[in-house]
Amino acid sequence: MRARGLVEVADPEFDRPVFRQSGFDGILTAKEMDEKISSWLKKTREAKDISRADLARLLGLSVSVYSRYERGSEARMSIPRLIHLCEIMGFMPLDVIFDTAPHLWGKTPEEAEDRLTLTKLIERLPPDTMRDLIRLLKRMLPGEQAAEAVATSVSEGS
């Protein structure tokens, strides 16, 4: 566990201790992560100028149920619901995850931001250019790392 940077923590959300990785500002509880996700959802919806009622209707939810997602109370969004929300709002799941846990992208906030920026730039590339970039990056990595990156992307379905 130590090799993966995990530490045992008590989270009031769970009956037993869990192992977590420390973020840039320490370890967030599940409730704190819910609050960050809720805040991000509200901010994103407002930036897109979509009312709660309109978004709830598009998601097939009542306004009160969707409002719970934005308040971070009583309801957690399922992965299929998150995917549906991404389709409607035009964001990627990684956007909300990055806002909640940027430490998953790098050892420093700067490194994490750079990785997110690179990902965003790659998302906008035409398919042929993306394939060329993949070939270039594979050549730039030492042999073992390149093989590991390919194996990881294949096992993750990308």
Nearest 0.5 Å please: distance from the [atom1] atom of [X] over to the [atom2] atom of [Y].
{"X": "Leu133", "Y": "Leu118", "atom1": "CG", "atom2": "CG", "value": "7.5 Å"}
{"X": "Lys42", "Y": "Ser67", "atom1": "NZ", "atom2": "OG", "value": "9.5 Å"}
{"X": "Thr129", "Y": "Leu136", "atom1": "OG1", "atom2": "CG", "value": "12.0 Å"}
{"X": "Ile88", "Y": "Ile50", "atom1": "CD1", "atom2": "CD1", "value": "8.0 Å"}
{"X": "Arg45", "Y": "Asp54", "atom1": "CZ", "atom2": "CG", "value": "9.5 Å"}
{"X": "Arg115", "Y": "Glu110", "atom1": "CZ", "atom2": "CD", "value": "13.0 Å"}

(request) Any side chain to side chain donor-acceptor pair (under 3.5 Å) involving residues 17-29? Give me the pairs, sequence neighbours left out, ordered by first then second residue. (result)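 Found Thr29-Glu32.
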Side-chain heavy atoms of [X] within contact of [Y], under 4.5 Å:
{"X": "Glu123", "Y": "Met130", "answer": "no"}
{"X": "Pro127", "Y": "Arg131", "answer": "yes"}
{"X": "Ser38", "Y": "Tyr69", "answer": "no"}
{"X": "Ile97", "Y": "Ile37", "answer": "no"}
{"X": "Leu58", "Y": "Met89", "answer": "no"}
{"X": "Leu85", "Y": "Leu41", "answer": "yes"}
{"X": "Met92", "Y": "Phe98", "answer": "no"}
{"X": "Tyr66", "Y": "Arg52", "answer": "yes"}

Find out if a path of hydrophobic residues (ILVMFWY) with successive side-chain heavy-atom gaps under 4.5 Å connects [X] to [Y].
{"X": "Leu104", "Y": "Leu28", "result": "no"}
{"X": "Ile79", "Y": "Met33", "result": "no"}
{"X": "Ile134", "Y": "Leu137", "result": "yes"}

For [X] versus [Y], what's the shortest heavy-atom pair and its separation?
{"X": "Asp99", "Y": "Lys36", "answer": "O-CE, 3.4 Å"}
{"X": "Pro102", "Y": "Ala112", "answer": "O-CB, 3.3 Å"}
{"X": "Ala56", "Y": "Ser62", "answer": "CB-O, 3.7 Å"}
{"X": "Glu111", "Y": "Lys107", "answer": "OE1-N, 3.3 Å"}

(message) With a 3.5 Å distance limit and no angle check, can you tell me whether Arg81 reaches the backbone of Leu59 through a side-chain donor-acceptor pair?
(response)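 Side chain of Arg81 to backbone of Leu59: a pair is present.
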(request) Verify, without hydrogens or angle tests, whether Thr117 (side chain) and Glu113 (backbone) share a donor-acceptor contact under 3.5 angstrom. (result)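 At least one qualifying donor-acceptor pair exists.
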(request) Verify salt bridge (charged side-chain N to carboxylate O under 4.0 Å, His left out) between Lys31 and Asp34, making sure each step is shown before the conclusion. (result) CA-CA 5 Å; Lys31 181 177 181 356; Asp34 283 339; over 6 Å; no
(message) For a side chain to side chain contact (heavy atoms under 4.5 Å, CB included) check, start with the C-alpha distance between Leu82 and Ser78, then their side-chain angles and the critical distance, and finish with the verdict.
(response) CA-CA 6 Å; Leu82 175 62; Ser78 67; over 6 Å; no
(message) Check this for me: Lys120, atom NZ, are more than 12 non-hydrogen atoms of other residues, nucleotides or ligands nearer than 6.0 Å?
(response)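 Enclosed.
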Show me the donor-acceptor pairs, under 3.5 Å and distance only, between side chains in residues 6-16 and residues at least two apart or in other chains.
{"residue": "Asp11", "atom": "OD1", "partner": "Glu13", "partner atom": "N", "Å": "2.9"}
{"residue": "Asp11", "atom": "OD2", "partner": "Ala30", "partner atom": "N", "Å": "2.8"}
{"residue": "Glu13", "atom": "OE2", "partner": "Arg76", "partner atom": "NH2", "Å": "3.0"}

(request) Output, in order, the C-alpha distance, side-chain angles, deciding distance and verdict of ring-ring contact (aromatic ring centres under 6.0 Å, His included) for Trp40 and Phe91. (result) CA-CA 12 Å; Trp40 190 91; Phe91 66 83; 4.7 Å; yes
